[in-house]
Structures are given as C-alpha cells and as structure tokens.
Amino acid sequence: MVKNEKTTLGRSLVKHHNHMIQESKEKGQYYKNLQKKVLESVTEVSDIDAIIEQAEEAERLFTINHSNTTPLPINVDTNSSSSTIAAEEWREQQKIEEALHASSLQVPRRPPWTPEMSVEELDANEKQAFLNWRRMLVSLEENEKLVLTPFEKNLDIWRQLWRVLERSDLIVMVVDARDPLFYRCPDLEAYAQEIDEHKKIMLLVNKADLLPSDVREKWAEYFRQNDILFVFWSAIVATATLEGKVLKEQWRKPDNWQKTDDPEVVIYGRDELLSRLQFEAQEIVKVRNSKAASDASSSRSLTVDSQHDRAVVGFVGYPNVGKSSTINALVGQKRTGVTSTPGKTKHFQTLIISDELMLCDCPGLVFPSFSSSRYEMIACGVLPIDRMTEHREAIKVVADKVPRHVIESVYNISLPKPKPYERQSRPPHASELLRAFCASRGYVASSGLPDETKAARMILKDYIGGKLPHFALPPGMTKDDEPEIEDTPETGTLEGSDSEDSTVEDETESEQVPGINDVLDDLSSFDLANGLKSSKKEMAKKQTASHKQHKKPQRKKDRTWRVKNTEDGDGMPVVKVYQKPANTGPLKMR
Ligand SMILES: Nc1nc2c(ncn2[C@@H]2O[C@H](COP(=O)(O)OP(=O)(O)OP(=O)(O)O)[C@@H](O)[C@H]2O)c(=O)[nH]1
C-alpha cells in the first residue's frame, strides 16, 4: 500500500516535471519566434516565398481597404531564351535596357502623412505604398533583359531610413572608397530633396586608408566634375588616432597616403570632419529657417530638432561600409556595434554631440540595383558571406579584381600560369586560386578534396577587410590610368624563359588554338592540385628520379597537395593571422 502510494506520488511528480519542461519549451519557442520577427534584413525571397508573402499582404490590405488589388505579377522564369543569344551581345542589350529603366529603380517613398493620422491608418498606407513599390520592381523584372540583384525587402528597415531622412538636415551617404559608385544611390539624393529641397547629401568616402593618394585624386576630380559633395575619411584611422594607438604598416606602404597638396584629397581627421559636418548642416538649417520665417506653411519640411537649432546629420548607406565605425569615431566612444558582418545595425540611433549637432545612424540597406551580381555583392561585403552558395563565383570576382602578382605576394603562393595558347594577361581562374590556396595551407575537406569553401571564406574576408588590395577607377578611366599596386615583391613564380615568353605574348594579347602538344603537355602536368608548382623543373625532377616513382604508388603522388607546402612556412598558423579582421591590424598614419 505504502509502496503503491509512493509510486503514484513519484509518477505525478515526474508528470508535473515533464509538463513544466514542455511548457517552458513552448514559451521558449514563442519568444524565439517573436525575436525572429523583430527586425531582420530580408534581401532574398524565393519566388514561392514572394507569392505567399504578397498574397497574404494583398489579402490583408484588401480587408482593410475593401478595394480590389490587381494580382502581383511574379516573374518565375528570369532566364528564358537568354541562352540563344551570344553572351556579349546579350550583355550589350542588357546595358541598354538598364539605362532605359534606370529612373524606375527607385527607393520606396513614404506616403504623405499628417500628425493627425491614426497609427493604423499610417501603417496601412505605408504597407500599401511598399507593396506598390515591390510590384513595380517585379514588373521591371518581367523584362527578361533586366535582372534585379537582391535588395532590402523588409518594410521595417525602409521605415528606419524614412525616419532618418526626415529628421536629418545633412544626409551623409557612407560609401566604401574602393568603389564609391557601387555604394552610391543617386535616387536617395532625389528622394531627400523631395522631402525638403534644402536637404543636402554628402558622400563620405570611408576606408580611404585602402586607397592610394593618386587614386583619391582621380576620384576627387570625378566628384568635382559631377557636383558631388564629398570627403575622404577613414573611421579606422580616426579611431586609432583617438585612442593614441600607433598604427603599424599593414599590407601596403602608407607613406604616400597623405602625399597631396589638394586639401580635398587629404583624409579628414575626426575634428575636421565634425566641424565640416556641423558647418554644412547648420548652413542648411539657416537657409531653411530664413525661408520658413517668410513662408509659415512650410512647417512640414522642418526637421524635428530644428526647433532647438540643433542640426541633424544622418548616416545612411549599404551594410558594412562603416557607418557605425564612423559614428563611434566621431562620438569618441563605442556607442554602436561594429562587426565585419553586414546588417549589424538594426535600428536607427540618435546621438547628441553638442547643443549644435546631433548624429543619426541608420541600419545598412541594400538598395535595388541592376548592375551587380549577387556574388559581387557578397565580395563587396554588402551581403553576408553565409549567403554564398557558389563559392567559385564569388572568388571569380576577387580573382578578376586583384592583380595576379598581388595575390601571389599576399598569400605567398604560386598560381598556375596561363597556358601558351591562352591570353597571357588573363586573371587566374577561381579554381586555380582556391586550389593553390588550399594546397599552401593544407586545407582538406572530409571528402579528401581541397576545402574550397573554407578557402573561399578566408579569401573573401581578406578581400573585404582590405588585406587583398583592390580599387575601382572613376568611369571612363582605363587600366592604363591605374597606378601600380605597391608592396608586391616579385614572387619568383615564373621561370626565366617562361616570363620572357609571356612578355612577348602580353603585347599581342591573342588567344591561340591549343595544339596537340599543348594538350598532351596539359594532360601530363595535370594533378589534383591544379595550381601547385607544376613547373618544368619539377617535371624534370619527377622524370629523373624514376626510382622514387617506383617506390611511391602513383595514387599517393597525385595527392601530394594534401600535405604539400608545409615547408613554405605558412601552414596552419595562417589561420590565426587571417581570421583576425584585417582592419584591426595596426596601420601607420602620418
Ligand atoms: N580599413 C578600414 N576598415 C573599416 C573602416 N571603417 C570601418 N571598417 C570596417 O568595416 C566593417 C564594417 O564596419 P561597421 O561600422 O560595422 O559598418 P556599418 O556600415 O555600420 O555596418 P551595418 O551595421 O551592417 O550597417 C568593420 O569590420 C570595420 O572594422 C575604415 O575606415 N578602414
């Protein structure tokens, strides 16, 4: 009897315990779901997701408005018929179409509002306007020659931008100095002026420490010619100076950074930037206030803080361009989170600097664009590396932009030379770069093949962080105008005769049809590493040391890339070096 009682009590205790666990699990899931909903950047929506999401939204709006919404056209097949036209010709036509539709590529506008509107009304209007905007972009994609790259699809993120634009007098568009136009959104400038004609946009060309001064000069010229207000800046250098850190040389010679007589080419310091921002913003406030005094009806365009005569400067831009780093440097302490992962800032923040100046940090936004591929966006740091599915596509962007000898020098690797029948100046193939990198570091996946995914991630991090130097030139400038990227010692990858051959062929730049000897040569030099030093010397060594070939089975020899290069000095310890964000490394600034 006593035993029975005990068993019942035990059972009910266990039952109660299990029940509590179940309850807490459910709660946990609930809060997790809630958290997920908070504010997440959405740039990738599959067709089916888009259909479901838009159907839900359309239905919701229908019940609110009782109005008929036309079905949203979804372009499910974006690739049709393109295969029939030659790639080059296709690209040309695409460019024409892109230019034709450039003006349709707008950022979404906030619908007109008044303070008297109810929250629900405001919300419904904004959602309807956003849906119309998405519809417009989808209809653009119906044109098979137009391909939109991933862009921000979360209304709440755009809402943050709307608020920052409305509040700010001066809007600072932060761009990455290595390709300022990629990160510039001209329509944002138009939109800011639609809100208030007095607002101005300034291009803050951040990460200027990664740009040689002669390239800065070229960009300065371009900005001046196109009436673009700009400032060269480096948040990382300003922060280091503020903290009294001595920045040591990183991967290039910094001595010529400030070698310029042009005050507009100099990289601004913190105090200079603060006073310039304050000056520009206060000018705007002054003009507006004097206009407002004569025209009382323009109260709608007054910024919130203009009542206090405090100028507001808003920072906007793509993810990862350095908005938060800039604000931290300007404020003088860490007020907003900084990481190399795009999309860190989720909500806009305001920071009062003084009675005269307030700063406003907006979450990074991926603006709609035609011109760049998803992989370019990953390589440029605006989409997270985690979104990379085809790592070779992303590495191709790197291989195309960083000169071959620079890659070899930075990584201390030898990339396979172009075959005699190929264009001698061709960039390395992604596969060549990845395999040479894996070989030098001994990266092997569980399958036993080179761990290209790991290599791709590391290379991309270096490319984004600045360890692999690269930069774009202003439109209209050719490669001949490109200054040589410095600090690239001869890697000694090329045998004397080979390099002579290549100089001759470089001049002609023609691709020849491979002869039978070339094909046989390629086959004989083929190995899994496809990028190791398969030089003639090595071949000769293999042939003469025939006794070694007898001792080692062929299979083992073909896989030498797995363990090769440990004597090259940068085996696994490289991980320690390269995993550290490149920009935390010290730089010397004069
Ligand atoms: N070399 C260099 N790197 C910089 C500079 N400014 C920022 N970075 C780096 O760029 C990365 C992104 O910086 P953040 O300040 O987080 O960029 P953000 O624009 O606020 O990013 P989101 O939060 O995604 O909007 C970090 O790894 C920074 O260390 C700079 O002037 N020079």
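These values consider heavy atoms only, across backbone and side chains, with no hydrogens, waters or symmetry-generated copies. Atoms within a ligand are numbered from 1 in the order they appear, just like the ligands themselves.
Contacts between Val237 and ligand 1, counted as non-hydrogen atom pairs separated by less than 4.0 Å, are absent for every part of the residue. With a 4.0 Å heavy-atom cut-off, ligand 1 is reached by no atom of Asn328. When heavy-atom distances to ligand 1 are checked against a 4.0 Å cut-off, Asn206 comes that close only through its side chain, counted from C-beta outward.
Between Cys362 and ligand 1, a contact under 3.5 Å exists for no N or O pair. Residue contacts with ligand 1: Thr326 is placed with no nitrogen or oxygen under 3.5 Å of a nitrogen or oxygen of the ligand (distance criterion only). Remark: ligand 1 and Gly465 share no N or O pair separated by less than 3.5 Å (distance only, no angle test).
At a threshold of 4.0 Å, the pair Asp169-Arg288 counts as salt-bridged, since one of the basic side-chain nitrogens sits closer than that to a carboxylate oxygen. Salt bridge Glu166/Arg110: present, at least one basic N to carboxylate O contact under 4.0 Å. A salt bridge is defined here as a Lys NZ or Arg NE, NH1 or NH2 lying under 4.0 Å from an Asp or Glu carboxylate O, and Lys218 with Asp214 fails to meet this definition. Between Arg310 and Glu356, none of the side-chain N atoms (NZ, or NE/NH1/NH2) sits under 4.0 Å from a carboxylate O, so this pair counts as no salt bridge.
Interface atoms of ligand 1 facing Gly364, defined by a heavy-atom separation under 4.0 Å, are 25 (O). The distance from ligand 1 to the heavy atoms of Pro319 drops below 4.0 Å at these ligand atoms: 24 (O), 25 (O). Ligand 1 places these atoms under 4.0 Å from at least one heavy atom of Asp209: 1 (N), 2 (C), 30 (C), 31 (O), 32 (N). Interface of Lys323 with ligand 1, defined as ligand atoms under 4.0 Å from a residue heavy atom, comprises 15 (O), 17 (O), 18 (P), 19 (O), 20 (O), 25 (O).
Proximity of Leu365 to Tyr318: side-chain heavy atoms (C-beta onward) are nowhere separated by under 4.5 Å.
Of all the listed residues (Pro363, Gly381, Ser324), Ser324 holds the heavy atom that lies closest to atom 20 (O) of ligand 1. Between atom 17 (O) of ligand 1 and the options Gly322, Ser234, Ser325, the minimum heavy-atom separation is to Gly322.
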- Task: With ring-ring contact (aromatic ring centres under 6.0 Å, His included) as the test, would you mind laying out the steps for Phe437 and Tyr411 before giving the verdict?
- Result: CA-CA 8 Å; Phe437 188 87; Tyr411 288 140; 4.8 Å; yes

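Legend: residues meeting ring pair (Phe, Tyr, Trp, His ring centres under 6.0 Å) with Trp219, ordered by chain and number and at least two apart, are Tyr222, Phe223.
Checked by atom type, the side-chain pair Gln128/Asn132 shows a donor-acceptor distance below 3.5 Å.
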